[in-house]
Novice: 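Pasting a structure below so you can have a look.
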There are 2 protein chains.
Amino acid sequence: MGNSFRIGEVAERSGVSIDTLRYYERRNLLPAAPRTPGGYRIFNSETIDRVLFIKQAQDLGFSLDEIGSLLSTNGSSECRRVRDLLDAKLTELDTRLKSMHEFHDKLTRYLAECEEELKRHPDSAECPVVVEIAHAERT
Amino acid sequence: MGNSFRIGEVAERSGVSIDTLRYYERRNLLPAAPRTPGGYRIFNSETIDRVLFIKQAQDLGFSLDEIGSLLSTNGSSECRRVRDLLDAKLTELDTRLKSMHEFHDKLTRYLAECEEELKRHPDSAECPVVVEIAHAERT
DNA sequence: TTACACCCTAGACCTAACTCCAGGGTCAAG
DNA sequence: CTTGACCCTGGAGTTAGGTCTAGGGTGTAA
Ligand SMILES: [Zn+2]
Ligand SMILES: [Zn+2]
Ligand SMILES: [Zn+2]
Ligand SMILES: [Zn+2]
């Protein structure tokens, strides 16, 4: 069918390894997949999307445990729990965005210093940025 | 002097453990500190700034190796190397900022759905967000 | 000069998130 | 059928970034 995949195909389409998929299943980040009579896992296309969601969240600094608590489906007052989780994550994300902007600006200033120095003394080996960050003390 | 610290003070002021400081020194993220006759490390306040820089970069997803290559001081045409590194990091940071914004928006939409559902059916146990992620649609 | 908080090294240990391996079974093509 | 690519499990190994321990030395204030 167009919506039935073996683990290798899911791996290829979602960009993770077969081992990682089995690992995610063990960690309950993916529901236990149904099997063929012979024991092969049968996935559908939604698994692929879910893996992509996991990867995205992970790239942004969330742990598998955190992602798991967002994705887990047990407990009674689901909406309340999910809302609180989302609220916390959003606050976290805001903070991270802010300091990422600041760091971006800092690196931009460093880059400008480097360009300046290269223009001024193209053959100098002394990078003012390195002096500033790394050497910290003036020589 | 006001610019001489033992390792414990540096740890406290920079928010990392003593072990982490010694570990950073081993990894050459910090220069080998001078010692007292008895062998105690003597740090100055710039070490603290440097540790804070490392921590900030690390929080933003840079590995200690990457940070190290930015901070390392050997090689001849320093400025060129540092500029190229900074350039690459900035591009990376731009990409990360962009997808972080997108993820932020996605979570915001999820949160709105939750609030909506809680308003509409306060006692329902069925969270539409969980349903949606579990059967994810591509974003 | 003794008390006591603080520091030293080498090396073992820890957690997260994979990744690999041995030894074996499955399945579609020919 | 047979073959060869693909899949299974359980468990060991790996990497990054620390964290902890044992066994000892240091520094200073009373
Ligand atoms: Zn909800
Ligand atoms: Zn110059
Ligand atoms: Zn430079
Ligand atoms: Zn409803």
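As the structure is a computational prediction, the values presented were derived from the model and not from experiment. The sequence lines fix the lettering, A, B, ..., with proteins before strands; numbering per chain opens at 1.
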Novice: Could you check how far CZ of Arg27(A) sits from C1' of dT19(C), rounded to whole Å?
Specialist: 15 Å

Novice: Rounded off to whole Å, could you give me the CG-to-P distance for the Asp59(A) and dA17(C) pair?
Specialist: 13 Å

Novice: Select from Arg6(B) and Arg6(A) the residue whose nearest nucleotide in DNA chain C is closer to the 5' end of that strand.
Specialist: Arg6(B)

Novice: Answer yes or no: does atom CD of Glu12(B) have more than 12 heavy-atom neighbours from other residues, nucleotides or ligands under 6.0 Å?
Specialist: no

Novice: What is the distance, to the nearest angstrom, from the OH atom on Tyr23(B) to the P atom on dC8(C)?
Specialist: 18 Å

Novice: Could you pick out which residue, Gly39(B) or Leu64(B), lies toward the 5' side of DNA chain D when each is mapped onto its nearest nucleotide?
Specialist: Leu64(B)

Novice: Donor-acceptor check, side chain of Asn44(B) to backbone of Asn3(B), threshold 3.5 angstrom: yes or no?
Specialist: no

Novice: When you measure from the side chain of Glu9(B) to the backbone N and O of Arg6(B), does any donor-acceptor pair fall under 3.5 Å?
Specialist: yes

Novice: For the side chain of Tyr40(B), starting at C-beta, report the closest nucleotide among dC18(C), dC6(C), dT26(C).
Specialist: dC6(C)

Novice: Can you tell me which residue pairs pass the salt bridge (charged side-chain N to carboxylate O under 4.0 Å, His left out) test with a partner in residues 100-114 of chain A, sequence neighbours excluded?
Specialist: Lys98(A)-Glu102(A)

Novice: Using chain A heavy atoms and a threshold of under 4.0 Å, write down where along DNA chain D the contacts begin and end, 5' to 3'.
Specialist: dC6(D) to dT9(D)

Novice: Between dC27(C), dT19(C), dC8(C), which nucleotide has the shortest distance from any of its atoms to the side chain of Thr36(A)?
Specialist: dC27(C)

Novice: Would you mind reading off the distance between Glu66(A) atom CD and dA16(C) atom C1', rounded to a whole angstrom?
Specialist: 12 Å

Novice: Is a donor on one side and an acceptor on the other found under 3.5 Å between the side chain of Arg13(A) and the backbone of Ser45(A)?
Specialist: no

Novice: Looking at Leu118(B), is its backbone amide N or carbonyl O close enough to the side chain of Arg80(A) to form a donor-acceptor pair, meaning the two atoms are under 3.5 Å apart?
Specialist: no

Novice: Just how far, in rounded Å, is C1' of dT19(C) from OH of Tyr24(A)?
Specialist: 13 Å

Novice: Using a strict cut-off of less than 4.0 Å between a Lys/Arg side-chain nitrogen and an Asp/Glu carboxylate oxygen, indicate whether Asp19(B) and Arg22(B) qualify as a salt bridge.
Specialist: yes

Novice: For the pair made of CG in Asp19(A) and P in dA22(C), what is the distance, rounded to whole Å?
Specialist: 14 Å

Novice: Quickly work out the Glu9(A) CD to dC27(C) C1' distance and round it to whole Å.
Specialist: 13 Å

Novice: On DNA chain D, does the nearest nucleotide to Gly38(B) precede the nearest nucleotide to Phe62(B) from the 5' side, or the other way round? Give the residue.
Specialist: Phe62(B)

Novice: Would you kindly give the CD1-to-P distance between Ile42(A) and dT26(C), to the nearest whole Å?
Specialist: 14 Å

Novice: Below 4.0 angstrom from OP1 or OP2 of dA17(C), is there any side-chain N or O of Lys55(A)?
Specialist: no

Novice: Within less than 4.0 Å of OP1 or OP2 of dC7(C), is there a side-chain N or O belonging to Arg41(B)?
Specialist: no

Novice: Using a 4.0 Å heavy-atom cut-off, does Arg22(B) contact any base of the nucleic acid, only the sugar-phosphate backbone, or nothing at all?
Specialist: base

